[in-house]
2 protein chains.
Amino acid sequence: MKETALQVVRKGRKFEQVVDGAWKVFLNEGFEGASVDDIARSANVSKATLYSYFPDKRLLFLEVARAECQRQANQAFSEIDFSCAVQEVLTQAATRMVYFFLSDFGQQMFRICVSECARFPELGKEFFASGPGLVQSRMAEFLGEATKRGEINVTDTMFAAAQFHELCKADLHTRVICGLQTQFTQAERDRVINGAVEMFMARYGV
Amino acid sequence: MKETALQVVRKGRKFEQVVDGAWKVFLNEGFEGASVDDIARSANVSKATLYSYFPDKRLLFLEVARAECQRQANQAFSEIDFSCAVQEVLTQAATRMVYFFLSDFGQQMFRICVSECARFPELGKEFFASGPGLVQSRMAEFLGEATKRGEINVTDTMFAAAQFHELCKADLHTRVICGLQTQFTQAERDRVINGAVEMFMARYGV
DNA sequence: TGAACTATAAACTGATCAGTTCATTTTCGG
DNA sequence: CCGAAAATGAACTGATCAGTTTATAGTTCA
């Protein structure tokens, strides 16, 4: 029973078309910057049709954010081999996260959510649940299992997952968000990825 | 010769008054949310006067952000005793950072900068230079000295400072930014503060 | 005191934009 | 192929807001 948080979104023939068009415009223009006329044009749909699906712009954004975050998170999970050694799993996870944070979508989603959450609480909850929260829960689960196997020693698994998540943002994420730098070499990425794994293992390794 | 980035800000009798008024409104309303009329009203100044100081709204915000970030950073530095043992200095620094991130000003400044930096590059640079960048440089300097004294072992001091900075945001910052939680107990803060220090020392301690 | 500078209030411009309305056309299942 | 449901487009409402203008009033200092 997949439903949007405020249960007011009607489905129909051109639903996906609207969401896809909105995705593009939000990604390029941000939330405030994207006009509903732009979105309707980009989706090849009339404004009236758009409003027949989504009673307002916020709910449309919510749907876009929810769908894409979940898609990305699921893809990442399916591609990580959780049966590898801890260090290897952490490296894979960190690699995904760094790429996500530095991607256009990751950046813009972060920007929009950070700026709109204060005025739009529902968005914050959805974003957290289908983004950072989801990733951290899955990581915490893995850390718990690895601890049981004696490979590491983590007591507060959710917190450790949050720390790891945060470590993956060191330096580069701050720089990209502040607009100081937009392109990053593999060496720069590796420094963050390996730095996060090393630090995590130094603290929680057996 | 401290001048605003775009060198177009005129000083005058009511300069401080304008900046203070703007500070209040931006803090409560965000950048887009704050209308220039609101700001003029809050500053007890006519709109024309405001525009005689600041040619546009962005430059006004830039001035507000610059001034307040620097003020907060300087205050923090002056209150931390850098002659203490590494662990103690880190704990003090982490405490400040956690409080800052969770404060109204810290939150709102973060929100505004994140959302506006993409369209307003000058802001990103100013924010970084007088916020995270400043803190990280000072921390890096300290880490270098402590390494020389043999108390810790850090080779890339700027990167380590960035990691520490990021660790102080674990869990709580994400939650506050997403609007999941607004009040935090001392125990919650301490968990992050101590968690950051422990992890840092596990990795870089001798 | 008086000239030069600074500030004021209030109206105005011009633009943007979310959301609505409605008469018309398209689509599609039965 | 018919009729109901869905979609269209284009005009419209109502509101907000950055930035300008202007005629007037207050401040400063020589």
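Numbered from 1 within each chain, the chains take letters A, B, ... in sequence-line order. What you see is a predicted model; the values in this text were computed from it and never measured.
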Report summary line: When A:K47 and A:L50 are each assigned the nearest nucleotide of DNA chain D, the 5'-most assignment goes to A:L50
Query raised in the report: Whole-Å distance between C:dG29 P and A:R13 CZ?
Result: 9 Å
Query raised in the report: Roughly, in whole Å, what's the span from CG in A:D37 to P in C:dT20?
Result: 13 Å
Query raised in the report: Can A:E68 and A:R71 be counted as an ion pair, charged N to O under 4.0 angstrom?
Result: yes
Identify every side-chain donor-acceptor pair in residues 182-191 of chain B under 3.5 Å, counting partners at least two apart or on other chains, and give the distances.
residue: B:T185; atom: OG1; partner: B:A187; partner atom: N; Å: 3.4
residue: B:T185; atom: OG1; partner: B:E188; partner atom: N; Å: 3.0
residue: B:T185; atom: OG1; partner: B:E188; partner atom: OE1; Å: 3.4
residue: B:Q186; atom: OE1; partner: B:Y99; partner atom: OH; Å: 3.0
residue: B:Q186; atom: NE2; partner: B:D190; partner atom: OD1; Å: 3.0
residue: B:E188; atom: OE1; partner: B:Q181; partner atom: NE2; Å: 3.4
residue: B:E188; atom: OE1; partner: B:T185; partner atom: N; Å: 2.8
residue: B:E188; atom: OE2; partner: B:Q181; partner atom: NE2; Å: 3.1
residue: B:R191; atom: NH1; partner: A:D156; partner atom: OD2; Å: 2.5
residue: B:R191; atom: NH2; partner: B:D171; partner atom: OD2; Å: 2.8

Report task. Would you mind checking if B:E79 and B:R96 are paired as a salt bridge, meaning a charged N to carboxylate O distance below 4.0 Å? Result -> yes
Query - 5′-ward residue of the pair A:A48/A:V36 relative to DNA chain C - result: A:V36
Query - Presence of A:T49 side-chain N/O under 4.0 Å of D:dA7 phosphate oxygens OP1/OP2 - result: no
Query raised in the report: Reckon B:Y53 has a side-chain N or O less than 4.0 Å from the OP1 or OP2 of C:dT6?
Result: no
**Report entry** Row check, A:F164 ring normal vs A:R203 NZ/CZ: under 6.0 Å, within 45°
**Finding:** no
Query raised in the report: D:dA6, D:dT20, C:dC17: which one has an atom nearest the side-chain heavy atoms of A:S35?
Result: C:dC17
Query - Among C:dA18, D:dT8, C:dT8, the nucleotide that comes nearest once only the side chain of B:K14 is considered - result: C:dT8
Report summary line: Side-chain atoms of B:V45 come closest, of C:dT8, D:dA7, C:dG19, to C:dT8
Requested in this report: Quick one: label A:A40 by what it contacts on the DNA or RNA (base, sugar-phosphate, nothing), any heavy atom closer than 4.0 Å.
Outcome: nothing
Requested in this report: Could you tell me whether the side chain of A:K57 has a donor or acceptor atom within less than 3.5 Å of a complementary atom in the base of C:dG19?
Outcome: no
